[in-house]
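Below is one structure, written out as structure tokens; the observations come after it.
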Amino acid sequence: IIELNDARRRHAATRANLLQARSLLRLARETLRRTVNAPVTGVAGLPAAFRPEPPQPEEPDPWIELAEDRSLEVRLAELSLEIAEDGVALARAVRYPQLDLIGSVQRDYPGESPMAGGIDMEIDSATVGVQLSMPLYAGGGIESGVRQSLARREAGFHRLMDVRRSAALAAETAFITLQSSMEQVAALAEALEAVRLSEESARRGLELGQRTTLDLLNVQRERYQTERTLSAARYQYLLAYLQLRASVGETLEEAIATVNGFLNDAQAPEEDQ
């Protein structure tokens with residue numbers, strides 16, 4: 001009776017978890033449909049034989065250097081700093097003398113001329129000159145503009161340094177997550193093999209009368225939990241792979257094509273399996 005009540009309790013809890021999982025699955029599919037703006041009929045998964053590959057290079061320092069030089073945020077900050085430097089040069093150029101070439105063309109209509117027999121007259125005139133202007137005093141406005149531009153350049157420089165540190169941290173975090181996912185996948189794969197052997201032993205023991213059905217169910221539950229955790233670790237590896245590529249400013253077309261290659265041999269899961 002005790003074992004039966006325990007099995008009923010676990011069955012009720014499992015059904016509650018199943019209903020929650022189905023709800024999350026529907027929400028995830030709806031989110032995906034809105035993201036791609038197309039019906040989602042099936043989502044391919046990873047094959048059971050999938051094994052993650054280490055990143056190349058296998059050390060974090062090269063990835064960190066690439067992130068500091070090539071990440072999208074760093075390049076945007078560098079462009080902002082260049083604009084600020086141009087702004088300093090422009091603010092300083094206001095105090096320089098300015099030489100302009102000016103010209104004008106004018107046509108006058110003085111009316112009828114008696115000396116020309118009453119014919120309407122037109123007089124064209126043109127002037128060309130050079131104009132030199134130089135600001136002598138502008139109430140401190142020029143110096144204030146220069147100081148403001150210098151402050152913007154200083155702020156842009158510090159922002160660039162901060163963005164580079166953030167990019168390096170993002171690359172290192174993605175690399176560590178990728179390595180951790182690989183190690184976790186390897187450990188869980190070994191654990192899955194071990195629990196499968198335990199399940200076979202429990203099944204054999206049940207046939208010989210040495211184990212109970214509840215013992216077999218406990219081992220099977222452990223196997224399902226290990227399989228679920230292993231699957232999550234594999235997908236975490238794929239996410240870390242994409243994040244690492246994005247952190248160094250690479251276009252993700254090639255990385256996404258690689259991930260799609262991992263999924264090509266997989267079967268689309270059933271809706272509410």
Side-chain angles (χ1 to χ4, degrees), residues 14 17-18 21-22 24-25 27-29 31-32 35-36 40-67 70-71 167-204 216-273:
T14 303
N17 292 335
L18 176 61
R22 285 177 175 173
L24 293 176
L25 177 61
L27 291 175
R29 288 186 181 277
T31 301
L32 180 59
T35 301
V36 301
V40 180
T41 57
V43 180
L46 288 171
F50 171 75
R51 293 294 181 270
E53 300 176 357
Q56 298 297 330
E58 298 185 20
E59 298 296 329
D61 292 341
W63 294 99
I64 293 175
E65 293 176 0
L66 286 175
R70 295 169 46 185
S71 73
L169 179 60
E172 186 175 9
T173 301
F175 185 88
I176 293 174
T177 303
L178 186 66
Q179 275 195 330
S180 176
S181 299
M182 291 177 54
E183 295 173 356
Q184 189 177 11
V185 167
L188 288 171
E190 294 181 3
L192 182 59
E193 291 297 326
V195 76
R196 284 174 177 172
L197 293 176
S198 298
E199 182 181 359
E200 184 62 28
S201 299
R203 193 183 304 276
R204 182 60 177 167
L216 178 59
L217 292 177
N218 288 334
V219 177
Q220 288 179 338
R221 183 181 60 176
E222 183 179 357
R223 175 172 64 84
Y224 287 131
Q225 290 176 347
T226 305
E227 289 176 347
R228 184 171 61 249
T229 306
L230 175 59
S231 178
R234 286 172 172 171
Y235 288 110
Q236 181 61 42
Y237 163 82
L238 296 183
L239 290 176
Y241 174 81
L242 294 175
Q243 290 171 352
L244 181 61
R245 294 292 180 179
S247 67
V248 297
E250 293 185 4
T251 56
L252 292 182
E253 285 81 1
E254 182 178 354
I256 292 176
T258 302
V259 172
N260 285 337
F262 294 151
L263 302 174
N264 282 341
D265 295 332
Q267 298 295 327
E270 298 181 0
E271 284 292 330
D272 293 325
Q273 185 175 0

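Along the sequence shown, the residues carry numbers beginning at 1. The analysis underlying the following values was restricted to heavy atoms, covering all of them including side chains, and did not include hydrogens, waters or symmetry mates.
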Exercise. How close do Ser198 and Val219 get, heavy atom to heavy atom, and via which atoms?
Worked result: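 Shortest heavy-atom separation between Ser198 and Val219 comes out as C-CG1, 3.7 Å.
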Problem set entry | Shortest non-hydrogen contact between Val248 and Arg70, atoms and distance | O-CB, 3.4 Å
Value rounded to 0.5 Å, distance of [atom1] in [X] from [atom2] in [Y]:
X      : Y      : atom1 : atom2 : result
Ile64  : Ser247 : CD1   : OG    : 9.5 Å
Arg245 : Glu253 : CZ    : CD    : 13.0 Å
Leu238 : Gln243 : CG    : CD    : 11.0 Å
Tyr235 : Leu230 : OH    : CG    : 10.5 Å

Which atom pairs, donor and acceptor, lie under 3.5 Å between side-chain atoms of residues 169-179 and protein residues at least two apart or in another chain?
from   : atom 1 : to     : atom 2 : distance (Å)
Thr173 : OG1    : Leu169 : O      : 2.7
Thr177 : OG1    : Thr173 : O      : 2.8

Donor-acceptor pairs under 3.5 angstrom involving side-chain atoms of residues 43-60: please list them, not counting sequence neighbours.
from  : atom 1 : to    : atom 2 : distance (Å)
Gln56 : NE2    : Glu58 : OE2    : 3.4

Taking only residues two or more places apart in sequence or in another chain, which ones pass side chain to side chain donor-acceptor pair (under 3.5 Å) with [X]?
X      : value
Arg221 : none
Arg204 : Glu207
Gln225 : none

Kindly write out the residues that satisfy side chain to side chain contact (heavy atoms under 4.5 Å, CB included) with [X], not counting sequence neighbours, or none if the list is empty.
X      : value
Thr14  : none
Thr229 : Gln184, Leu188
Leu197 : none

Exercise. Salt bridge (charged side-chain N to carboxylate O under 4.0 Å, His left out): which pairs involve residues 174-195, sequence neighbours left out?
Worked result: Glu193-Arg196
For this session: Can you sort out the partners of Arg223 under salt bridge (Lys or Arg N to Asp or Glu O under 4.0 Å), two or more places apart, ordered by chain and number?
Result: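 Glu199, Glu227.
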